[in-house]
2 protein chains.
Amino acid sequence: MNSTNSNTNNHSASTAPAVLRGLASRGYSITGQRRCLVEFIVSHSRHFTAEDLLNDLRDEGVKVGRATVFRTLDLLERTGYVGRVRDGERMAYTACGMEGHHHHLVCSSCGQVLHLEGCPVAGMLEEIQSRTGYRIQHHSLEVAGVCPSCQR
Amino acid sequence: MNSTNSNTNNHSASTAPAVLRGLASRGYSITGQRRCLVEFIVSHSRHFTAEDLLNDLRDEGVKVGRATVFRTLDLLERTGYVGRVRDGERMAYTACGMEGHHHHLVCSSCGQVLHLEGCPVAGMLEEIQSRTGYRIQHHSLEVAGVCPSCQR
DNA sequence: CTATATGCAAATTCTTTGCAAATCG
DNA sequence: CGATTTGCAAAGAATTTGCATATAG
């Protein structure tokens, strides 16, 4: 599924080599499993659970343990390469590029994730901060809908 | 609503009797446990987990089982009286009034929840909808920060 | 060669469920 | 009273951990 939309993209924001380089530069080893996990993650536009990832990798013939999947997802989340999205009952992961702040539009039918560039609430947060006295740290915006192909 | 702030409030948006009436009108029984749970929830401005709720109620001397807490939270979520917020690792609940759509500002230090009235992204969603072809269903915006008293 | 990462299986944590007893209306 | 709700304890998910082995650098 390739979109050529102006300021929306459903490509992963980073390539696998870029993510791997990023991990390496922070001192993490690039193991076979991490390579496979990262390649899988950046090439899939739908969100997934740890279990999905484990099963799909094993179906592809990758030899990997459950603990490694959890540990790697945790690592990738801490380093900012994946984020979590809540889709109804499921708590799933999705690739997030390193290009910083953005939001997600998730198809509630197929799980496709569109990364929305730009932040529509930045201005509002300024205002909230000065009005409430809270020191704003971060925020998340998740939008759920039905993608064009699932509407058919 | 007796909020002293212009468009932010940290009161629960409903009173316990109102919530109980709402449940009754939908055909649910008003049991002692539900009454206590609802009273507790609407009178607390911080978010909480099921476990927190169970422990706090038991500390108060309320006789309630764990299953009832989960079942009641589920009921209140389905009926729109509580919502879930993710605060870092914790997945917590917070009281939500029946006044419909709003967002949360959560203190990452003490868990205090401010309910933000109005929706800063409504316009943007229209635009996304027409540009992407997604049929937007719902969205959630969560803002995390440090409340004034935790800053001290 | 040494530190890091992995796999397994057991341990934890969180949540749900079956069913008899209690309670609401 | 009859239907709904509750509590318990057991079952089920989801995730984490300990430790011996394998691998990256």
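Just so it is clear: chains get the letters A, B, ... in the order the sequence lines come, proteins before strands, and each one is counted from 1.
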Subject >> Degree of bending, the helix from C:dC1-D:dG25 to C:dG25-D:dC1 (end axes from five pairs; round to 10°) >> reply: 50°
Subject >> Between A:Thr68 and A:Gln33, a side-chain donor and acceptor under 3.5 Å >> reply: no
Subject >> Annotated protein contacts, base or backbone, on nucleotides 5-10 of chain C with a non-hydrogen cut-off under 4.0 Å, one of B, S, - each >> reply: SBBB--
Original post:
Whole-Å distance between C:dT13 P and B:Asp52 CG?
Top reply: 15 Å
**OP:** Find the distance B:Leu73:CG to C:dT16:C1' and express it as a whole number of Å.
**Re:** 14 Å
**OP:** Using salt bridge (charged side-chain N to carboxylate O under 4.0 Å, His left out) as the criterion, list what pairs up with A:Arg26, not counting sequence neighbours.
**Re:** none
Subject >> Pairs where residues 53-72 of chain B contributes a residue and the test salt bridge (charged side-chain N to carboxylate O under 4.0 Å, His left out) is met, not counting sequence neighbours >> reply: B:Glu51-B:Arg66
**OP:** Could you tell me which residues satisfy ring pair (Phe, Tyr, Trp, His ring centres under 6.0 Å) with A:Phe40, sequence neighbours excluded, listed by chain and number?
**Re:** A:His44
Subject >> Which atom of A:Gln151 lies closest to which atom of A:Val146, heavy atoms considered >> reply: NE2-O, 2.9 Å
Original post:
So, do B:Ile128 and A:Leu105 sit near enough that their side-chain heavy atoms are less than 4.5 Å apart?
Top reply: yes
**OP:** Step through the shown structure and confirm whether more than 12 heavy atoms of other residues, nucleotides or ligands are within 6.0 Å of CD on A:Glu126.
**Re:** no
Subject >> Shortest non-hydrogen contact from A:Ala95 toward A:Ile41 >> reply: CB-CG2, 3.7 Å
**OP:** Taking heavy atoms of chain A and a 4.0 Å limit, find me the 5'-most and 3'-most nucleotide of DNA chain D within that range.
**Re:** D:dT15 to D:dG25
**OP:** Return the value, rounded to whole Å, for the distance between atom CG of B:Leu23 and atom P of C:dC24.
**Re:** 15 Å
Original post:
Taking the six-membered ring for Trp, are B:His102 and B:His115 parallel (under 30°), tilted (30 to 60°) or perpendicular (over 60°)?
Top reply: tilted
Original post:
How far apart are the closest heavy atoms of A:Gly22 and A:Tyr81, and which atoms are they?
Top reply: CA-OH, 3.4 Å
